[in-house]
Amino acid sequence: MSIMTAAIMGLILFIPALVPNSAAALFGRGTPIDFNRSWKNKRLLGDGKTWRGLFGGIGSGIIAGLLMLMIIHIFRIDNGIIYGTMSQSIGVIVCLSTGSMLGDLGGSFIKRRLGVKRGQKAPGLDQYDFVAGAFLLTILFYPSWVLSTYVEGESIVGLIVLLIFVPLIHRLVNMIGYKIGAKKEPW
Ligand code: CTP
Ligand code: MG
């Protein structure tokens, strides 16, 4: 795999983990996941984490991944460089999407413990909580896929590109979300 391929693949294959965040902002409203419960006078997760956002986000990430598989199939692009077998592909997509939203919940949980209010910035955490969640869940079920796609040999470039571009994409998407009214803050 060339360095360029590794970089592009690293980004494209991560799409199922990138989509859930924006989708959650579109779907999110209604009952909060923590049912308004607090711990030591601070909300468990806060009003920014809702059941609709969680399932809408995960569902959208999975649909995005399945669309990618369809495109790959229709254009007969070599399956080998994508996620692997069909069942592994679906599994990885589900892990990326679900892990992304769980990481986002983890980020909010930490923010509330630190006394950061819903929607207030937490630099680093806001941009990388979902990346960490996506990788953690996927490495749990598909360690060899994560290693061969983001760690071993040239593929490490994919991880580096991801870590550089994700905050930029995150910022851009959130600014758009803010403009169209899906998000309360532009970050
Ligand atoms: N959202 C949701 N449910 C989720 C995740 C997100 O409803 N599980 C929606 C909420 O409307 C949220 C928006 O998506 O306001 C943007 O998500 P995010 O930036 O993660 O939430 P914040 O409002 O910034 O809250 P926090 O401080 O907890 O990150
Ligand atoms: Mg946030």
Side-chain angles (χ1 to χ4, degrees), residues 10-68 90-141 150 159 161-187:
L11 271 181
I12 292 180
L13 296 184
F14 207 65
I15 288 176
L18 296 173
V19 168
N21 260 284
S22 328
L26 291 176
F27 284 102
R29 69 184 73 100
T31 314
I33 296 171
D34 65 8
F35 295 111
N36 282 306
R37 274 196 282 262
S38 294
W39 182 33
K40 293 184 182 165
N41 268 327
K42 288 173 183 133
R43 280 290 292 275
L44 229 43
L45 297 170
D47 286 331
K49 305 293 121 153
T50 65
W51 289 103
R52 277 187 53 125
L54 178 68
F55 290 118
I58 293 175
S60 303
I62 293 173
I63 288 171
L66 296 180
L67 282 175
M68 284 162 60
I90 294 170
V92 169
I93 288 166
V94 170
C95 285
L96 285 173
S97 181
T98 308
S100 162
M101 280 284 89
L102 293 181
D104 179 60
L105 290 188
S108 292
F109 180 78
I110 295 171
K111 280 170 81 172
R112 299 301 91 82
R113 304 286 73 70
L114 296 173
V116 180
K117 293 257 176 300
R118 176 254 171 114
Q120 259 187 296
K121 275 191 210 179
L125 211 52
D126 284 333
Q127 293 82 5
Y128 288 119
D129 53 6
F130 68 95
V131 178
F135 272 120
L136 280 176
L137 192 65
T138 311
I139 213 159
L140 206 63
F141 288 95
Y150 288 106
L159 181 63
V161 166
L162 207 61
L163 294 180
I164 295 170
F165 275 96
V166 160
L168 300 176
I169 300 171
H170 189 253
R171 174 83 194 165
L172 185 74
V173 169
N174 283 347
M175 267 162 29
I176 297 170
Y178 176 70
K179 282 247 190 298
I180 64 170
K183 237 189 147 286
K184 287 195 172 65
E185 301 86 13
W187 54 78

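Counting convention: from 1, in listed order, for ligands and their atoms alike.
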Open item on the list: Closer than 4.0 Å to some heavy atom of Asp104 - which atoms of ligand 1 meet that?
Closed with: 5 (C), 20 (O)
Open item on the list: Quick check: Lys49 and ligand 1, any N/O pair under 3.5 Å apart?
Closed with: yes
Task: Asp34/Arg43 ion pair, N-O < 4.0 Å - done: yes
Open item on the list: Working to the nearest 0.5 angstrom, can you tell me the gap between Ile58 CD1 and Ser100 OG?
Closed with: 8.5 Å
Task: Sidechain-backbone polar pair: Tyr128 side chain, Pro167 backbone, donor-acceptor under 3.5 Å - done: no
- [ ] Could you tell me which atoms of ligand 1, counted from 1 in the order shown, lie closer than 4.0 angstrom to a heavy atom of Lys183?
- [x] 16 (C), 19 (O)
Open item on the list: Under 4.0 Å, heavy-atom basis, I'd like to know which part of Arg112 is in contact with ligand 1: side chain, backbone, both or neither.
Closed with: side chain
Open item on the list: I'd like to know if Gly46 contacts ligand 1, where contact means a heavy-atom distance under 4.0 Å to any ligand atom.
Closed with: no
- [ ] Without swapping roles, check the side chain of Lys111 against the backbone of Gln120 for a donor-acceptor pair under 3.5 Å.
- [x] yes
TODO: Would you mind reporting whether Arg118 and Arg112 have side-chain heavy atoms less than 4.5 Å apart?
DONE: yes
TODO: Using distance alone, determine whether Lys111 and ligand 1 share an N or O pair under 3.5 Å.
DONE: yes
Open item on the list: Is there a polar contact, in the sense of an N or O pair closer than 3.5 Å, between Met101 and ligand 1?
Closed with: no
TODO: Answer yes or no for Lys184: is there a heavy-atom contact with ligand 1 below 4.0 Å?
DONE: no
Task: Under 3.5 Å: donor-acceptor pair, side chain of Trp187, backbone of Gly119 - done: yes
TODO: With heavy atoms under 4.0 Å as the rule, classify the contact between Asn21 and ligand 1 as side chain, backbone, both or neither.
DONE: neither
TODO: With atom 1 (N) of ligand 1 as the reference point, say which of Gly48, Gly53, Ala25, Ser108 has the nearest heavy atom.
DONE: Gly48
Open item on the list: As a check for students: among Thr50, Leu45, Asp47, Asp129, identify the option with a heavy atom nearest to atom 3 (N) of ligand 1.
Closed with: Thr50
TODO: Report yes if the side chains of Asp104 and Met101 come closer than 4.5 Å at any heavy-atom pair, otherwise no.
DONE: yes
TODO: Kindly assign one of parallel, tilted or perpendicular to the pair Tyr150 and Phe135, based on the angle between their ring planes and the thresholds 30° and 60°.
DONE: perpendicular
